[in-house]
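Naming convention: chains lettered A, B, ... in sequence-line order (proteins, then strands); numbering from 1 in each chain.
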Amino acid sequence: MKYLYFPGCSLKNYAKRYEETAVAVAKALGIELIELKRWNCCGAVSGLAEDSVFHHIAAVRDLVRAQEQLDEADSNKLVTVCSMCYRVLASVNNRLKHNPEDLDTINEFMSPEEYNGGIEVVHLLQIIKDDIGFDRIAEFTKKDLSNIKVAPYYGCVLVRPKETAIDDPNEPTILEELIKSTGATAVENPLRTECCGSYNVVTNRELVKHRILNLLKPIMRENIDFLISVCPLCTFNLEFGIKANKKELHGREIPVLYFTEFLALAFGLDDKLEKEVLQAVNI
Amino acid sequence: MGYPGYPEEFWDSIEKVEATRERRLKEVFKRITPEEKEKLLEKWHPDYRPEGKRALKLGPNKGDYVPNEVADILEAYPLIDPNDIDLEDIDYDVDVLIIGGGGSGAAAALWTNYRGIKAENILIATKLRFGDANTKMAQGGIQAADRPQDSPPIHFIDVIGGGHYANKPELVRILVKEAPLIIKWHEELGVMYDKDEHGNFIEIHGGGTSRKRMHAAKDYTGLEIMRVLMDEVLNREIRVIEFSPAVELIMDTSGQVAGAVLYNLETNQYYVVRAKATVLTTGGFGRLHIQEFPTTNHYGATADGLVMGYRVGTHLRDMDSVQYHPTGAAFPEQIVGQLVTEKVRGLGAQLVNIDGEQFIYPLEPRDVVAAAIIRECYGRNKGIVTVTGQRGLWLDSPMIEIIHGEGTIKRYLAAMYRQFKRFDIDITKEPMLVFPTLHYMNGGIEINEYTQALNADGKPIPGLFAAGEVTGGVHGKNRLMGNSLLDINVFGRRGGINAAKHAKKAKVGKLTLKHVNNWVTKLKEAGIAPKRKAPIILPEYRGKRALSRSINIGF
Amino acid sequence: MTAQKTVKKLKVKMVSIYIMGKEYKVPEGLTIHKAMEYAGYKLVRGVGCRAGFCGACATVYRFKDDYRLYTGLACQTTVKDGMYLVILPFVPAKKPGYDIEKLKADFSSIVKLFPEVTRCVQCNTCTKVCPQEIQVMDAIQMILRGDIKSAAELSFDCIACGICSLRCPAEIIHYNLFQLVRRLNGKYLTPKSQHLVQRLKEIEEGKFDKELEKLVKMGPEKWKELYEQRVIE
């Protein structure tokens with residue numbers, strides 16, 4: 001299957017490993033991700049401000065780019081990998097689909113470009129679950145992960161608000177199901193949808209440090225091999241927090257893997273993983 | 001169907017061009033023999049029209065034949081009255097003054113600075129904005145013999161043959177030998193030349209070259225070089241004063257050139273610049289419209305440097321020859337005369353007449369191709385005539401897409417594509433109408449290997465250096481494509497280095513404009529009426545009616 | 001409008017244009033530059049190469065009952081009836097100095113010199129006004145994601161007319177920023193030519209000196225002989 005794909009800025013910068021493995025894993029699953037020829041930042045948080053449709057302009061432009069390139073794909077789905085990009089693009093898309101007046105307003109500003117509302121924004125996890133099926137993951141898994149224990153971490157934006165949530169906002173299970181489908185064990189993580197501290201890491205590092213420590217406390221008793229994340233910012237904060245709390249965590253440096261890195265590992269795509277990651281997980 | 005950008009009366013002929021295209025793709029038109037070439041040039045090249053020239057009545061080149069338009073500005077009275085200028089009150093006191101803000105000027109400024117003259121002791125004075133010069137408009141490329149199958153001696157033969165053996169050979173030697181050094185300099189500065197994935201330059205032929213040595217940056221080669229040099233000049237905080245052309249050189253009582261009088265085009269005040277070394281990089285004369293030809297040149301190309309230099313005794317050479325670029329746009333009217341780069345032919349487009357037939361090998365030297373087009377239009381009547389009476393022939397650009405693949409034009413001729421697309425002509429599918437246009441001043445101020453300006457006896461005029469189009473000798477009587485961007489860099493660099501060397505030891509005495517007074521006396525003796533003034537600074541294009549009602553009430 | 005019509009009407013039809021608010025009747029089909037000259041202006045500012053390469057003649061214009069602000073180059077844009085226009089004489093812009101030898105081809109080098117690039121709100125106005133039809137905003141976005149090579153290539157046709165920088169709500173000076181990006185790309189992200197290094201070595205060793213000396217002294221007869229015997233690659 002061919003899908004249009006929106007990478008987002010993080011995946012081209014400090015979260016390169018997320019993209020590398022996402023594309024490799026998708027390919028292994030028979031999914032061809034076609035990166036949009038032209039795309040811009042999704043607009044990040046300003047795209048979520050509700051007061052003015054103007055804030056959505058960046059996201060709409062990306063939807064227009066997908067619309068322009070639709071003939072190259074097999075479906076109208078635009079695949080995202082970064083959870084923030086997913087949240088922004090999906091929210092904006094929802095709003096415009098349900099509010100034709102807003103769509104008109106924004107199209108008037110964008111003129112001569114025009115969005116017709118025909119794109120569906122999805123996350124790669126949804127494609128794997130719905131279009132491939134978790135029951136088929138075992139077919140692709142090359143490694144025995146039966147001794148591996150991992151903790152899933154969702155963060156906020158993939159499962160909130162409910163309009164764009166890819167799973168139950170309070171009790172999501174999509175990551176757990178994915179983990180189990182590879183043969184590994186998913187430990188119960190009660191704080192898996194709590195916020196990682198987000199952009200506070202720029203201005204208030206102490207706050208983020210404490211928050212990460214609190215997030216990790218409940219799972220420290222479990223002897224987990226690594227954490228699984230879906231978001232570049234969550235991953236950044238988790239990695240920062242784990243280092244900053246080295247003393248409090250008794251020197252334990254728990255690796256944080258993107259779900260795509262976890263799958264790449266399971267599929268035996270070791271060459272797509274960064275050396276540091278491979279060494280850290282040591283499977 | 002049809003061709004929306006072209007009037008219907010052209011359509012038949014365009015269809016003929018299309019009909020013969022497939023056959024012509026395999027057809028190589030035979031090269032001209034030396035005898036045919038001589039005949040063709042003599043009969044059809046504008047340089048050979050005796051009524052286009054006259055002998056100079058005075059100065060270092062007295063008796064030499066030059067185009068009437070050049071004689072007009074050389075035999076002209078000064079703009080300023082020396083008595084109005086207070087030479088004791090100096091506005092800028094510098095080591096090196098560079099007159100002209102094009103490629104030669106920028107290269108000279110940088111190399112003067114590299115050789116130890118501090119940025120604050122260098123001044124670039126320019127007529128328009130810094131960088132508004134023919135350099136920016138050069139599209140096709142820059143020559144340098146850097147591939148194993150090529151060499152500086154092979155380049156030498158191409159240059160001197162193209163120049164009709166009239167070049168100054170020691171200058172040609174420098175041009176070809178220092179070319180690779182210039183490309184290296186550019187590479188280190190970050191000029192984005194077209195390269196393959198291994199870093200090899202993509203090099204093609206130009207008119208008159210025997211090896212592929214044309215380095216290019218799409219068809220914005222001059223723009224790319226100019227903007228990088230400018231960026232570097234600005235990074236180094238070298239001073240630039242814009243909209244302030246030089247109107248007269250200043251000398252000192254010992255007879256050396258010691259600066260210039262600048263004129264602020266906006267406030268009408270003059271500035272006195274005292275300099276230990278002065279470099280003339282004022283460019284050529286396209287805007288004099290020799291023999292009423294349209295021109296590819298920028299708005300300020302009025303040969304001010306020739307005028308100022310002549311008054312301090314510089315000798316000019318090869319001024320009898322003018323370069324007409326064979327392919328200026330001949331349609332639409334709005335862009336008549338603008339350059340259609342030789343690269344179009346370099347990439348395989350042929351020149352064809354109204355019947356879609358070739359009449360000249362497309363990569364003969366420029367003067368030969370220009371003469372052949374004029375002959376085809378006026379001698380054989382095989383050209384298109386537009387509503388305004390402009391004649392032209394087809395340059396079959398769609399061949400490029402067939403030879404090199406779809407997308408080649410947009411990738412390597414982006415500027416050209418855009419130029420015509422603005423007027424509904426798609427050059428990937430339709431040919432362009434072309435006719436020769438005034439392009440380059442082959443001759444100019446004579447210099448030696450150290451870029452010192454020479455007088456009629458062949459001796460250097462102390463303190464005065466010159467580089468680029470304002471000089472003569474490098475290209476003889478006809479410049480090849482890609483050797484002008486090279487010239488401004490090679491000799492701009494030398495100008496900078498030698499000016500720096502000179503400035504370090506020179507001492508300037510009492511400033512004087514006596515040579516200007518002397519010039520006026522000579523003009524009167526030669527019986528020239530005080531009607532014309534020069535330098536002309538900017539050409540006159542104002543509407544006839546507006547001009548006829550123009551009065552100066554000096555408010 | 002097709003060029004055909006333009007030329008035919010050139011001789012007859014006059015249009016009204018408003019140069020900085022003053023009405024003049026000029027022949028239809030002239031470029032803005034030529035129309036201003038026809039009207040009696042001697043151009044000094046806002047004019048350069050007159051062929052679309054130098055960026056000196058950025059022009060903004062509107063029509064009477066149209067809120068849109070149009071942009072173009074005065075040397076390449078033809079006048080239309082009812083055009084209210086001004087050629088911009090100058091665009092103020094910051095141009096930070098740098099030593100290219102000491103920079104790295106990465107985002108942090110760029111953002112230190114041009115921190116305002118991160119203020120891009122992706123309004124796309126820059127792209128809409130560009131007379132060279134460059135996807136200006138896309139190039140800015142490429143810089144933000146660290147893709148210097150693509151930004152350099154996408155911005156290559158920039159002639160630094162400055163219209164985008166005057167319209168940008170984030171006050172980015174696109175053309176100076178792009179200049180830096182292109183130089184970083186040319187210098188650091190493009191492989192160097194090996195032939196050139198080899199040739200420079202040969203020149204330094206004097207490999208061609210004797211032959212060139214001979215050529216210089218040869219004179220026209222011999223040159224002619226050699227020229228006519230050339231083998232064309």
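Near-neighbour residues of residues 226-233 of chain C relative to chain B, defined by a heavy atom under 4.5 Å from a heavy atom of that chain, comprise Leu226(C), Tyr227(C), Glu228(C), Arg230(C), Val231(C), Ile232(C), Glu233(C).
Contact count versus chain B (heavy atoms, under 4.5 Å) is highest, among Glu153(C), Met218(C), Lys224(C), for Lys224(C). Chosen from Glu211(C), Arg183(C), His33(C), the residue pairing most often with chain B at heavy-atom distances under 4.5 Å is Arg183(C). When the candidates Glu133(C), Met36(C), Glu213(C), Gln194(C) are compared by the number of heavy-atom contacts under 4.5 Å with chain B, Glu213(C) comes out ahead. For chain C, the option among Gln139(B), Lys127(B), Glu197(B) with the highest count of heavy-atom pairs below 4.5 Å is Gln139(B). Interface summary for chain C: among Gln149(B), Glu242(B), Arg147(B), His186(B), the most heavy-atom pairs under 4.5 angstrom belong to Arg147(B).
Interface residue Glu188(B): backbone and side-chain heavy atoms are both found under 4.5 Å from chain C. There is no contact between Leu184(C) and chain B, counting heavy-atom distances below 4.5 Å. Interface remark: Val26(C) contributes no atoms to any contact with chain B (heavy atom separation under 4.5 Å). Within the 4.5 angstrom heavy-atom criterion, only side-chain atoms of Gln179(C), from C-beta onward, approach chain B. Only the backbone of Ala39(C) comes within contact range of chain B, judged by heavy atoms closer than 4.5 Å. Contact annotation for Lys214(C): neither backbone nor side-chain heavy atoms come within less than 4.5 Å of a heavy atom of chain B. Proximity to chain B is absent for every atom of Phe90(C), based on heavy atoms less than 4.5 angstrom apart. Only the side chain of Arg287(B) comes within contact range of chain C, judged by heavy atoms closer than 4.5 Å. Only the side chain of Lys95(C) comes within contact range of chain B, with heavy atoms under 4.5 Å apart.
Under the 30°/60° scheme for interplanar angles, the aromatic rings of Phe201(B) and Tyr193(B) are found to stand perpendicular.
Between Arg45(C) and Glu266(B), at least one side-chain nitrogen of the basic residue sits less than 4.0 Å from a carboxylate oxygen of the acidic one, meeting the salt-bridge criterion. A salt bridge links Lys177(B) and Asp209(C); the closest N-O separation between the charged side-chain nitrogens and carboxylate oxygens is under 4.0 Å. Salt-bridge formation is detected for the pair Lys42(C)/Glu540(B): a Lys NZ or Arg NE/NH1/NH2 atom is positioned less than 4.0 Å from an Asp or Glu carboxylate oxygen.
The distance from the CD1 atom of Ile100(C) to the CG atom of Asp231(B) is 7.5 Å, given to the nearest 0.5 Å.
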Stepwise ring pair (Phe, Tyr, Trp, His ring centres under 6.0 Å) test for Phe331(B) and Tyr6(B):
CA-CA 9 Å; Phe331(B) 186 88; Tyr6(B) 287 115; 5.6 Å; yes
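Partners of Lys94(C) under the side-chain hydrogen bond (donor to acceptor under 3.5 Å, both in side chains) rule, at least two apart in sequence or in another chain, are Glu116(C).
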